Amino acid sequence: MRFPWSRSAPVVTEAKSLSAPDADLLALFGAAPASGYAASLSTALSVPACQRAIALISGSIASFPPIVERKVGADWQADDTHPVAKLLATRPNEWSSTFETIRDLVATALTHDKGGLAFVNRIGGEVREIVRYDAANYAVTYSTDGRQEPAFAINNVAIPSSDVIHLRSPFSKAPLSLAADAIGVAKMMERHAGRLFANGAKPSGIIKTMKAVGDDGVKKMLAGWRAAHEGADNGGKTAILWDGAEWVQMTLNSVDAQFLELRKEQVVEIARGFGTPPSMLYEMGRATWANGEQAAKEWLASLELWILPLESAMRHALFSPDERADWRIRFDRDDFSAVDLTARATAIASLIASRTLSPNEGRDWLDMPPRAGGDEYANPNTGSSQPGGAPQPQPEPNPNAA
């Protein structure tokens, strides 16, 4: 079995420059970003909205089954006989499943500027393993001639690009890096809320009196107040004060009153950075029945920004140059619509009625076996089939029937 650290492979050293430090170099020297509050990777993952966005995108893409398709004429047809199809249908390596490999690859691309990387191990030209690596174990450099051609090294060993599945974000910056300021502000608010409650900075109210009561008077007044009003049995009792003392309810100022709204807005800002609907991060303040369907469409569109380049990267690395014209990897998006069974059933029924799908093709979308006579493109509502659109012959009425 061939591994990227074999002795035959040349050893390379990744060059980093302090004139243009990346996120990993800043973290190595403990340097703070210029904004002063941008979040690092470890800090960002401690923000629930950020962690949820990363898990949601990577897990959603990994939940779409990868299908190996072969070009037959002008059509693409699924073919589970190819070695790549068998590998993806079982386990790409001995210690992780296909779901875990794709999920972690996408998650790395979401959090690291150099993207996510997986090594394709071949034996005799046949793919035998797909191994995802942590970002600390590989380097990606680009040519300086304007083409931006990438070169890869795993554990300081050069790897051909044909053996690498590489997925990275636009702008050469991961969403986490681009949203670092918004995530940092959310973390600062979280810390402020923790200090506020830990220190008990806001009492519910105060007892105010114009007379000097002294230390002993304060202790007696406090003991009497607690005895009369603390505890479950004393809740709601009428308070009685003597000698002109009065109770003053503490109120929140305008900044404190808006603190919760500001925290909610940071969730929305993080959602924008990752391209996820705020409602999927459990921020329901702006979610309605009217915009929910549109948000779902936008969510699938945002996933396509990752799925399409991932399909291309897998096609490039998993097939030989001679195979790429006739073979491809496609993620089955049909499972995305399976959540709304009513909408799915309506769409299938409409496609069958318009003779775009046959009943058996519609059943296949529902993972149901074909039935006899289900391959005909016929409109069940009119009884007409596709050839010529002529109506189907109807049985003669029985005059003896009641």
Side-chain angles (χ1 to χ4, degrees), residues 53-72 75-110 115-121 126-132 164-167 275-276 280 296-319 323-324 326-345 347-348 351 356-358 360-370:
I54 295 170
L56 188 63
I57 297 173
S58 59
S60 296
I61 295 174
S63 66
F64 298 148
I67 300 174
V68 175
E69 294 184 334
R70 184 177 185 179
K71 194 171 187 178
V72 180
D75 300 326
W76 290 93
Q77 298 180 3
D79 189 340
D80 57 3
T81 62
H82 195 281
V84 172
K86 296 179 180 179
L87 185 67
L88 294 175
T90 53
R91 298 177 73 87
N93 53 62
E94 293 296 331
W95 55 90
S96 60
S97 64
T98 300
F99 177 90
E100 293 170 324
T101 300
I102 295 176
R103 180 199 62 190
D104 295 345
L105 178 68
V106 176
T108 305
L110 289 167
L117 183 144
F119 170 69
V120 177
N121 191 24
E126 183 177 311
V127 177
R128 295 295 181 87
E129 247 186 353
I130 304 173
V131 181
R132 187 202 68 87
V164 169
I165 300 174
H166 182 224
L167 177 67
T276 60
M280 302 192 77
K297 294 178 181 179
E298 293 174 358
W299 166 235
L300 181 57
S302 66
L303 290 183
E304 290 288 342
L305 300 178
W306 294 98
I307 295 175
L308 292 176
L310 179 58
E311 289 175 339
S312 177
M314 294 179 69
R315 183 182 189 179
H316 176 79
L318 296 177
F319 299 113
E323 291 180 313
R324 290 170 193 160
D326 298 322
W327 298 87
R328 72 177 184 180
I329 299 290
R330 183 180 67 84
F331 285 87
D332 187 5
R333 280 82 152 175
D334 289 344
D335 288 348
F336 186 83
S337 61
V339 178
D340 191 344
L341 183 59
T342 301
R344 187 176 175 85
I348 293 174
L351 291 171
T356 303
L357 292 180
S358 69
N360 278 344
E361 289 173 331
R363 292 172 65 86
D364 182 64
W365 280 19
L366 299 173
D367 293 327
M368 298 176 67

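Predicted model only: the values in this text are computed from it and were never measured.
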Inset, instruction - Could you tell me whether the side chain of Ser302 reaches within less than 4.5 Å of the side chain of Thr276, counting heavy atoms only? - result: no
Inset, instruction - For residues Arg103 and Ser58, report the shortest heavy-atom separation together with the two atoms involved. - result: O-CB, 3.3 Å
Inset, instruction - Give a yes or no answer on whether the side chain of Arg363 reaches the backbone of Pro369 with a donor-acceptor pair at less than 3.5 Å. - result: yes
Inset, instruction - Write down the atom of Ser97, the atom of Arg91, and the distance for their closest heavy-atom approach. - result: N-NH2, 3.7 Å
Legend entry - Nearest atoms (heavy-atom pairs only) where Leu105 meets Arg132: N-CD, 3.3 Å
Inset, instruction - Mind listing the closest non-hydrogen atom pair of Ala313 and Ile165 along with its distance? - result: CB-CG2, 4.1 Å
Inset, instruction - Mind running side chain to side chain contact (heavy atoms under 4.5 Å, CB included) on Asn93 and Thr101 for me, showing each step along the way? - result: CA-CA 9 Å; Asn93 53 62; Thr101 300; 4.1 Å; yes
Legend entry - Smallest separation among heavy atoms of Leu357 and Glu361, with atom names: CA-OE1, 3.4 Å
Inset, instruction - Please report the shortest heavy-atom distance between Ile67 and Ala78, naming the atom on each side. - result: CG2-CB, 3.8 Å
Inset, instruction - Supply the atom-to-atom distance Lys71 NZ to Glu323 CD, rounded to the nearest 0.5 angstrom. - result: 15.5 Å
Inset, instruction - Could you tell me whether the side chain of Ile329 reaches within less than 4.5 Å of the side chain of Phe319, counting heavy atoms only? - result: yes
Legend entry - Main-chain N/O of Pro92 paired with Ser96 side-chain donor or acceptor, under 3.5 Å: no
Inset, instruction - Report yes if the side chains of Leu117 and Thr108 come closer than 4.5 Å at any heavy-atom pair, otherwise no. - result: no
Legend entry - Derivation and outcome, side chain to side chain contact (heavy atoms under 4.5 Å, CB included), residues Leu318 and Leu87: CA-CA 11 Å; Leu318 296 177; Leu87 185 67; 5.8 Å; no
Legend entry - Arg70 (side chain) donor-acceptor with Asp326 (main chain) under 3.5 angstrom: no
Legend entry - Pairwise side-chain contact, Asp332 with Arg330, heavy-atom cut-off 4.5 Å (strictly under): yes
Legend entry - SB check Glu311 Arg333 (cutoff 4.0 Å): yes
Legend entry - Heavy-atom check, side chain of Trp299 versus side chain of Ile57, under 4.5 Å: yes
Inset, instruction - Identify whether NZ of Lys or CZ of Arg in Arg328 sits under 6.0 Å from the centre of the six-membered ring of Trp76 and within 45° of that ring's axis. - result: yes
Legend entry - Candidate pair Leu88 and Ile130, rule side chain to side chain contact (heavy atoms under 4.5 Å, CB included), full reasoning: CA-CA 9 Å; Leu88 294 175; Ile130 304 173; 4.0 Å; yes
Legend entry - Heavy-atom side-chain proximity of Phe331 to Ile102 below 4.5 angstrom: yes
Legend entry - Donor-acceptor pair, side chain of Ser63 and main chain of Ser60, under 3.5 angstrom: yes
Legend entry - From CD1 (Ile61) to CG (Leu56), nearest 0.5 Å: 9.5 Å
